Amino acid sequence: MLASLRSIVHEVNSARSLAEVLDIIVQQVREAMQAGVCSVYLFDDSDQRYVLMATQGLRPESVGKVRLAPREGLVGLVAAREEPLNLENADQHPSFAFFEETGERRFHSFLGAPIIHHRKVLGVLVLQQETQRRFHAEEEAFVVTVCAQLSGAIAHAEATGALRELAQRGRGRSRETAFSGIPSAPGIGIGRVVLATQEGNLGSVPERYSDDSSAELLRLQRALDAAKKDMRKLGRGLEAKLSSEELGLFEVYIRLLDDRALIGEVEQAITAGQTAQSGWASVMQRHVRTFRKMDDPYLRDRAADINDLGRRVLGYLQRDRRETVPLPRRIVLVGEELSAATLADIPVARLAGMVSVRGSSNSHMAIIGRALGIPTVMGAVDLPWPELDGHELIVDGFRGDVITQPSRAVRRTYVGRQREEKLLAQDLAKLSGHPCVTLDGQRLALWVNTGLRQESRLSQKVGAEAVGLYRTEIPFFARNSFPTEDEQVATYRQQLRDFAPRPVTMRTLDIGGDKALPYFPIEEANPFLGWRGIRISLDHPDIFLTQIRAMLRASVGLDNLRILLPMISNVPELEQALALIDRAYNELTAEEGYRLVPPKIGAMIEVPAAVYQVRDIGRRVDFLSVGTNDLTQYLLAVDRNNPRVASLYHTMHPAVLRALQTIREKASSVGCELSVCGELAGDPLGAVLLLGLGYTNLSMSASSLLRVKSMLSQVSQEEARALVKRAMRLSDAEQVRELFIRRLDRPQLTKLYRPLLNL
Ligand code: PEP
Ligand code: MG
């Protein structure tokens, strides 16, 4: 038996995969014990069952099919008791469970031993015999030893996701699994996963494993060399400007990059199977945490240095991967928290879908998804995202489903739905050159929201009449520092030129909340109630004035600029912002000789306080634009970014309806131009609601525009008014939505919103 054990250990150690390890075990143990059956059951976390993973003696087809709940059968009993079970008459035992598909005759004797690693039961090894006998004590000891040998390999397979993969594969069908999230941009996307990690963010690197440790070690070395070179160059460049003490810091960094103990730890992690990025990030984060906990303030401050060094090297590792691993043809971008910055490295034309574990349908990434017409699911909280790199994924942006490794039949169904969507889009495209007029002749202005370069092209295609909201923060994301005034002029001029002579409404920087610039981090307990939008601009007149000057300079000769101020919550801040705009205008015209047409200035109504001061605000500006996304979140006290409360975020809540009615009435009482630029305007039902409330200027994602136009041209304003009147008598958001759905249930109209509402 000792010889058998040696041979098993030797073979297991040279096996290349978990499947191979299991096959060796069942075959050799059965032989050594001269048993009728030897099987291994492993626990599959994804469906909380012990799965038959390998067998000698039972029908091979039953592998993957026999699945036992934690306390089911003798296998479940062994696992629950965490000790071997040796039975002469297994079929008489109250826990005995018979599985038809195994082809199992009633074996009498049974020996099961748990496979335990670090106190966790990973599975059970089972021997069965036709004859009625108890296994000997030595045989039992042998099986326990084999299990101990096996546990390390299985724990490793579990950590790398190989166990889950194998467990799913055994199911006899494809390893298809459906996860649900929040539908955030309509459409069906099919492609291969590219994981989004933020450049240089140690915390965003998932634990990943590779089969090729030597290639990963080489990657690490390349990155370390590049970082050292970078550091030397930086030090030399700053020689004249820094004291010798400050320059010494560069030396410290370089020494750390040569430190055998530190680098040795990373190399060890890589040799144990982690990728270079994963090994580097985990070791560096551990050191950052240790330094942060130190009592000595000097040492505590070193945590920042270690973190900085960690980010630099990680940046090189990420670039190295981008250069050496080609991107798939159709990309599904998946990440724990997608942000506009993560889009920087992805060719948007190849983007088939986006999935974020965090966030909700009104997060900014969802808005970008809708703007670009890319099927998006947010808040897919259960998705095992680190394991999905390179896997095929279906993103159903209508229902919020994410399907991993789809079977052929399911894939076919989704391809069919993609085709239907395409046909609808071709139908809608015919409307692009026509104005939006209701059945009773009410003309509506349909504008677009932009920010990304691609949106301009899409907007032209759908025949947008103007830009109602250009989110200037978006071009600020894909950078490493604030853009200079000249850089901003170039960006803004491009946008103004793309649409001239049509007006372009440029909103001043609206960062904070869920929109943090990578180079201007803001950490707050309540970011949506904190330093956001205009508040940051007023505290940083340098940033604000540069931006206003750039917008004004960009508009020379085009004269189609409008400026919009976000997050206005009181009159003094509006007046201060207006004064700064005046100052920039006067400087440019009186002192620097620019010939400028004064732009129209507007304020966003997106904070409840502003709803009650519409007249005060409206008297001071040329136009008002309602931001229903923030207005809804603040009125209902529901974080627009939090998947846990996503079901409470109702844009058709009676309170929102009343606020919208008040805004409309008060704005017209002071004769102020009014529009809506929140996502409600791009929802076909929402657009009818707004029409009924008297709004005739709606700004939305380019991808929603034709659907909304088609809807509005098939209803009358009178009908919309009557609907709103009835809705105003309802007390519940669901009832409001249902009322609209019921009343607009006509074949042509239903086609426009049915998939959007998952009907
Ligand atoms: C809004 O809040 O409705 C809005 C249009 O602005 P953002 O979504 O960029 O916050
Ligand atoms: Mg807003």
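Keep in mind the model is a prediction, meaning the values are calculated, not measured. First listed ligand is number 1; within each ligand, the first listed atom is number 1.
Evaluation of the ring-ring contact (aromatic ring centres under 6.0 Å, His included) test over residues 470-501, restricted to residues two or more places apart or in two chains, returns Phe482-Tyr519, Phe482-Phe520.
Phe623 and Cys672 make their closest contact through CA-SG, 3.8 Å (heavy atoms, listed as atom of the first residue, atom of the second, distance).
Of all protein N/O/S atoms, those lying under 2.8 Å from the Mg ion (ligand 2) come to 2.
We find that Arg471 and Asp510 are not joined by a salt bridge, their nearest charged nitrogen and carboxylate oxygen being 4.0 Å or further apart. Of the charged side-chain nitrogens involved, at least one lies within less than 4.0 Å of a carboxylate oxygen, so that Arg532 and Asp630 count as a salt-bridged pair. A salt bridge between Asp683 and Arg370 is absent, with no side-chain N of the basic residue lying under 4.0 Å from a carboxylate O of the acidic one. A salt bridge links Asp486 and Arg553; the closest N-O separation between the charged side-chain nitrogens and carboxylate oxygens is under 4.0 Å. Between Arg707 and Glu421, at least one side-chain nitrogen of the basic residue sits less than 4.0 Å from a carboxylate oxygen of the acidic one, meeting the salt-bridge criterion.
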Could you pull out all donor-acceptor pairs under 3.5 Å where a side-chain atom in residues 559-570 meets a protein atom, sequence neighbours excluded?
| residue | atom | partner | partner atom | Å |
| --- | --- | --- | --- | --- |
| Asn560 | ND2 | Leu496 | O | 3.0 |
| Asn560 | ND2 | Arg502 | O | 3.0 |
| Arg562 | NE | Thr505 | OG1 | 3.0 |
| Arg562 | NH1 | Glu673 | OE2 | 3.1 |
| Ser569 | OG | Glu573 | OE2 | 2.9 |
| Asn570 | OD1 | Glu573 | N | 2.9 |

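Near ligand 1, heavy-atom contacts under 4.0 Å come from His364, Ile367, Leu469, Arg471, Arg507, Asp510, Lys515, Arg532, Met604, Glu606, Gly627, Thr628, Asn629, Asp630, Arg640, Cys677, Gly678.
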Q) Does the pair Ser699 and Asn449 meet the rule for a side-chain hydrogen bond (donor to acceptor under 3.5 Å, both in side chains), with working shown? A) CA-CA 6 Å; Ser699 191; Asn449 298 345; 2.6 Å; yes
